[in-house]
Amino acid sequence: MVAYSIEQLHELFLKEDFDIQKFYDELYKEALYQQERLNAFVTITKTNPYKEIKQLFDSIPYVLKDNFNTKGILTTASSQMLKDYVPVYDAHVVEILKQNKCHLVGKSSMDELGMGYNNQTALTGIVCNPWDSSRIAGGSSGGSSALVGSGLIPFALGSDTGDSIRKPAGYCGVVGMKPTWGRISRYGLIPYASSLDHVGALTRNIKDMALVMEMLSGYDDKDMTSSTQNVPHYRNELNANMKGLKIAVLKNVFDDLKDEKIRLNFMDIIQTLKRLGVIVEEVSIPNELMEAIIPVYTIIANCEATSNHACLDGIKYGCYKDGQSIEDIMIQSRTYGFSSQIRRRFILGSLALLEDNQEKMFKKAQCVRRLIVDEINKIFLDYDIILTPNSGSIAPLIDHQSRSYDIIENHLCLSNFTGMPSLTLPCGFVENMPIAVNLTGRLFEEQTVLNIAYALEQELGYANQYCREG
Ligand code: GLN
């Protein structure tokens, strides 16, 4: 099985002797093999599209995180609550992908409702890392990241509320990007926290990422947070010339990096960028604001999540458990339908939204978020990009990780606070596992982010990597 990129597939489709039916037969066989090894699918769509209907076109295979609504196809968000939910409509991005001749190979596993960081909370069990199946893929878009990293499909969609595309992308050795908040419609995405949620993608190289971003971005009148800004031709305008650009290295994050090998790799990357003509300097923001990232994120994300998921009560939506009264039915259904970590998050969110607590918890968190955003905006007055390591470690071993409250492991949600475009790029190996850097740009400046990533990718040489047997 050869792991093709989108661009390579487009070239193959032009060849007279290319057998698309055979290609999809092999791909579905490989999907079963990877499922055995990685447990990354919730659903594998059953058909080779070329067996039954003679399609008029050649299509690119892809995978969707299981929180995108797909008409007629099970959509569980990896939660017991939605175990049997089959949507009657497609998410906006799913419609776009259909129009663009992409073929859905399956729905990928995730942390329950997008809440988590290790893909250990998924209803269908842990997802393994393609480079070493004794390690986690990361979360919450763990299934999508693992499947792109295994070489099975050239791209997958994910969602990112705090880091859920970029963190697992780094662990799985692939490119992960969320664009500006509002750039891609979220219509039909099962929400987590609306002021932080982004739709994004995972690919194995930057050209493919530019293609996918261009395809998915644009105004959608079904999403009231959708932006009307024009979408540039990211792919055609990819340009690795970086002379004169200014990059800020966020010192608060770099200082928190303890792993010596990852530190050396990061310093090498700074040298590479300088060699390419970029100005690279250190900047910092007040440490007390960095330390506020987790409490601010926790309060805002949980408040918005509990409000968004109030409809999952066993009556309007979700699995039904009988009870003595309407209230009792809801209690029984929600107790049965959600795992304890989700219930804990909803309780925290509800607590912060109580009338007596709103001012000192929810509104205070929003004020501190504003202070943090102001600091980031100040950096972008002088710099085009903020550069950080993606994580302080390689993908942890299954069952050997605990929640880390370090800045190095939690800084990626800064660009969820600001809504800025943010991309994670593979940049090397430590102990035979991939590591990555993160690049964040100004609002709607996806092109700058992609260009710098493109230049770095050419220098570093980790494009199109995958591991099918680790
Ligand atoms: N790990 C974070 C959380 O659990 C982020 C998840 C995400 O981005 N969806 O909230």
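Here the structure is a predicted model, which means the values were calculated and not measured. Every number for a ligand or one of its atoms is a count from 1 in the order of the listing.
- Atoms of ligand 1 lying under 4.0 Å from any heavy atom of D163, numbered from 1 in the order shown and given with element: 1 (N), 5 (C), 8 (O).
- A donor atom on one side chain and an acceptor atom on the other are found under 3.5 Å apart for K107 and T75.
- Shortest contact from atom 1 (N) of ligand 1 to any protein heavy atom: G116 O, 3.0 Å.
- Ligand 1 lies less than 4.0 angstrom from a heavy atom belonging to S140.
- Residue R345 has at least one N or O atom closer than 3.5 Å to an N or O atom of ligand 1.
- Defined by atom type and a distance below 3.5 Å, a donor-acceptor pair is missing between the side-chain atoms of N410 and Y405.
- Looking at atom 2 (C) of ligand 1, its nearest protein heavy atom turns out to be Y297 OH, 3.5 Å.
- Judged by distance alone, the side chains of R37 and S150 never bring a donor and an acceptor atom under 3.5 Å apart.
- Close approach of ligand 1 to Y117 is summarised as follows: ligand atoms under 4.0 Å from at least one heavy atom of the residue are 1 (N).
- Using modelled atom types, one finds no donor on one side chain facing an acceptor on the other under 3.5 Å when comparing T203 with D208.
- Which parts of ligand 1 touch G114 is read off a 4.0 Å heavy-atom cut-off, strictly below it: atoms 6 (C), 7 (C), 9 (N).
- Side-chain rings of Y117 and Y171 stay apart, their centers remaining 6.0 Å or farther from each other.
- Side-chain contact of E112 with S79: a donor-acceptor pair under 3.5 Å is present, judged by distance alone.
- Counting the atoms of ligand 1 from 1 in the order shown, those under 4.0 Å from a heavy atom of M115 are 4 (O).
- Residue-level proximity to ligand 1 for S164 is carried by backbone and side chain together, each with a heavy atom below 4.0 angstrom.
- No side-chain N or O of T43 forms a donor-acceptor pair with one of D66 less than 3.5 Å apart.
- For the pair R334 and D313, the salt-bridge criterion is not met [side-chain N within less than 4.0 Å of a carboxylate O].
- Residue contacts with ligand 1 for K178 are absent, since no atom lies close enough (heavy atoms, distance under 4.0 Å).
- With a 4.0 Å cut-off on non-hydrogen atoms, I165 does not touch ligand 1 at all.
- Considering only non-hydrogen protein atoms, atom 8 (O) of ligand 1 sits nearest to G162 N, 2.6 Å.
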